[in-house]
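Input: a single structure, listed below in structure tokens.
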Amino acid sequence: MNVKRFTNFSITQATTNGFLIGALALGTVSLLLVLLGISPAAIGYALINGSLSSWLKFSHVLTIWTPLLLCGCGLLFTFRAGLWNIGIEGQVVLGAIGATFLLRQEYSTLPPWALISLAMFCSFVGGALWGAFAGVLKNRGGVNEIFGGLGLNFVAQGFILWLILGPWKRAGIASMSGTDLFTRELWMFTPHGWRVAPAALIIGFVVFLLTGLLLSATRFGLQIKAVGKNPLAAPLFGIRPDMTGLCAMAIGGGFAGLAGGLQVICVYHRLIPSISSGYGYLALLVVMLANYKILPVPFICLFFACLAAGSIQLPIVLQIDSSLSGVIQGACVLSALLVHGLRKRKKGAA
Amino acid sequence: MKSITTLVTTLVVFCFLLLPASNAFSAGDEYPFGLLLVGPANDHGWSQAHFEAGQAMEKVFPGAKMLYIDKVNPADRAGITIPMLVDDLVSKGAKLIIANSDDMKDGVREAAMMHPDVKFIHVSGDDVITGKAEANLSNLMGRMYYGKMMAGFVAAMTSKTGKIAYLGPLINAETRRLSAAAYLGARYAWTKVLKKPASDLHFKVSWIGFWFNIPGVTSDPTLVAGSFFDSGYDVVLSGIDTTEALVVAGQKRKDGKDVYAIPYDFKGACVSAPDACLGVPYFNWVPGYTKMIGQAIKGNWQQEFLWLGPDWKDINSVKTSTVSFEAGNILGDKQKNGLAAFTKELAGGLNLFTGPLNFQDGSPFLAAGVTATDDQMWNLPQLLEGMEGASK
């Protein structure tokens, strides 16, 4: 009975919070647009039309949704462990480098599907190692994961530029356009009329389910939660906060690495300097907006992906800069932080 | 009565069936075309030159309607790919798409494959030559080496220190060709007109890494240009899409330095700092666009690699000259007269890519009296002897 009452209360509260966040974000952005002399309705129509009006457009949305979801899932592990994994951008980059490294090798005996599978595995390993490295810096060097991660992001960016302009440059040309295109058999299969590879969607769904399962229904998930809630008390239950945090960083980095792998194999079909597309940082906003909960993450990712894909309509149709979608995303997150902050304060006062 | 109704109906249907064949229909029919710009549409450089040519097409072809999107590059539009944008433009009715950057080469090739019924113009690419282009993809470029020769000529005629710098974008065959052309123009003015020894001319190239500044990724062109001026170079030629070199030159002049710059790409580029601007070599995309879009509208599109040059009869003709040089207002009589004579020589067939010329590493490029072929110029593998800077 108590459980039922608690569940009902949580759902009601979550709905109220969601409504408040939506109203606040919508109100703020609409007010801003009206002050700038732009019709909020026209913007809304352009964004919806540009993202949901046809299967082709929606499949573009899904090409953004999938890597964003993978990064979001990775961040759920680290946030649960009480860690701010700012280094997720670098982990996406290292995942992309891992996949490219494998696809550049000449394994003439292996069929394309095996190479693609191995490349995805390499992307996971690349991201996981980079994430674990930030964890080791924290555990062994006492470097806060925020600063360590930020530093590693710069290193990753320098590394990818060096590879593209150096050892992996195009024949005769060092080009910021990236490495040479992979041959078509090394592109992930995409049916006619689709723009997203079904296998990428499957990877996204499986990783999301795995995240939910690991964090909610396993001993490991409980350990992560314990470390995140109280790292000082966790050892009393035989949990090592340093090792648990390291595992969370590695898993989170691995999932971000998978996102990088998909960017290389499914989206760009080559390695480019800005291969992460900023999805790591965007996923930080997603998870904050989700209030660090699992279930809202795919839906918020979808909303953000719709904004990103739909935003290209703004310059084409309305001659408005597409960075407005970033303003909407930022307003949503700020509204969420404000609503959750006020709730906590009210709860504390009570 | 019934037979009259049948007759009238038949006539009406017949007229409608014939209508597509008439000129009146094709002239009035709407022809949307897409334009993908790598930089901002108002960059006073490469992208603005394309944007204005696109606007001109709306006047040249009644019914033509431009749909454009600017800042199409992974840094400004993270996660948005060329095929994604092409899908969108096609869904809005675009029948022809122009992509204005070498950076879009892979994406355009992919999009052309996905949309075989849509025509594509890739500016500055060479997929048609290399055989990688689908039948619906053509290439367009201007013979800007003439404009760069004139820019180099004016730079050397103006320089007091004999130290001329070239602010380069990224290293590829095109940028090597253009910086080498600027060097040859400068060397010609220095040795043939001013009669000074070639060893006193210093020509240095620095590459920033891309066609415009991307913070954290490329070198900052403002800092690079400033560094040139601070180390004694008194004229900087810009090879990038934006006007930082000219802006810095304008600032330095306000501080009392006797320095100049030559921007690139866009006829109106001098406006950022007219008192520091010696002129601008610029593209006029109207002739190329008119030819290719016209063919597509008339239904006689054919795949082409168009490398259009200046119209020497009227180098500033908007209708016919793809490449030109707009002299700066500050040029003195000596520079103006020199440039006029040099332009006349170029019009008369002078080609500075004529031997004896060596590559930067000292290996022979062209024997005495031999003129480079189009292929040799298009695929220039190194900078030339006498130039400082990285070739690869």
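Quick note on labels: first sequence line is chain A, next is B, and so on, each numbered from 1.
- Without hydrogens or angle criteria, B:Ser238 side chain to B:Tyr264 main chain gives no donor-acceptor distance under 3.5 Å.
- At a 4.5 Å heavy-atom cutoff, the contact between B:Met114 and chain A is made by side-chain atoms alone.
- Contact annotation for A:Leu161: only side-chain heavy atoms (C-beta onward) come within less than 4.5 Å of a heavy atom of chain B.
- Shortest non-hydrogen contact noted between B:Gly125 and B:Lys105 is CA-CE, 4.5 Å.
- Interface remark: B:Met113 contributes side-chain atoms only to the contact with chain A (heavy atom separation under 4.5 Å).
- For chain B, no part of A:His192 is nearby; none of its heavy atoms comes within less than 4.5 Å.
- Contact tally against chain A (heavy-atom pairs below 4.5 Å) for B:Ile80, B:Thr218, B:Asn379: the top residue is B:Ile80.
- Proximity to chain B (any heavy atom under 4.5 Å) is restricted, for A:Ile272, to the side chain, taken from C-beta onward.
- Here the side chain of B:Asp241 pairs no donor or acceptor atom with the backbone of B:Phe212 at under 3.5 angstrom.
- For a residue to count as touching a neighbouring chain, one of its non-hydrogen atoms must lie under 4.5 Å from one of that chain's; by this rule B:Ile82 does not touch chain A.
- When atom types are taken as modelled, the side chain of A:Gln263 and the backbone of A:Ile275 share a donor-acceptor pair closer than 3.5 angstrom.
- In this structure, no portion of A:Ser53 lies under 4.5 Å from any heavy atom of chain B.
- The candidate from B:Asp87, B:Asp70, B:Leu67, B:Ile214 with the greatest count of non-hydrogen atom pairs under 4.5 Å with chain A is B:Asp87.
- Interface remark: A:Gln313 contributes side-chain atoms only to the contact with chain B (heavy atom separation under 4.5 Å).
- Here the closest heavy-atom approach between residue B:Arg177 and residue B:Trp378 is recorded as NH1-O, 3.2 Å.
- Checking side-chain atoms of B:Asn358 against main-chain N and O of B:Glu385 turns up no donor-acceptor pair under 3.5 Å.
- Proximity to chain A (any heavy atom under 4.5 Å) is restricted, for B:Ser91, to the side chain, taken from C-beta onward.
- Annotation: maximal heavy-atom pairing with chain B below 4.5 Å, among A:Ser54, A:Ser277, A:Ser276, A:Ser59, occurs at A:Ser277.
- Remark: the backbone N or O of A:Leu271 is paired with a side-chain donor or acceptor of A:Thr179 at under 3.5 angstrom.
- Looking at A:Tyr279, the atoms closer than 4.5 Å to chain B (heavy atoms on both sides) all sit in the side chain, from C-beta outward.
- Looking only at distances, a side-chain donor or acceptor of B:Gln382 sits under 3.5 Å from a matching main-chain atom of B:Asp361.
- Side-chain atoms of A:Gln157 come within 3.5 Å of backbone N or O of A:Pro273 as a donor-acceptor pair.
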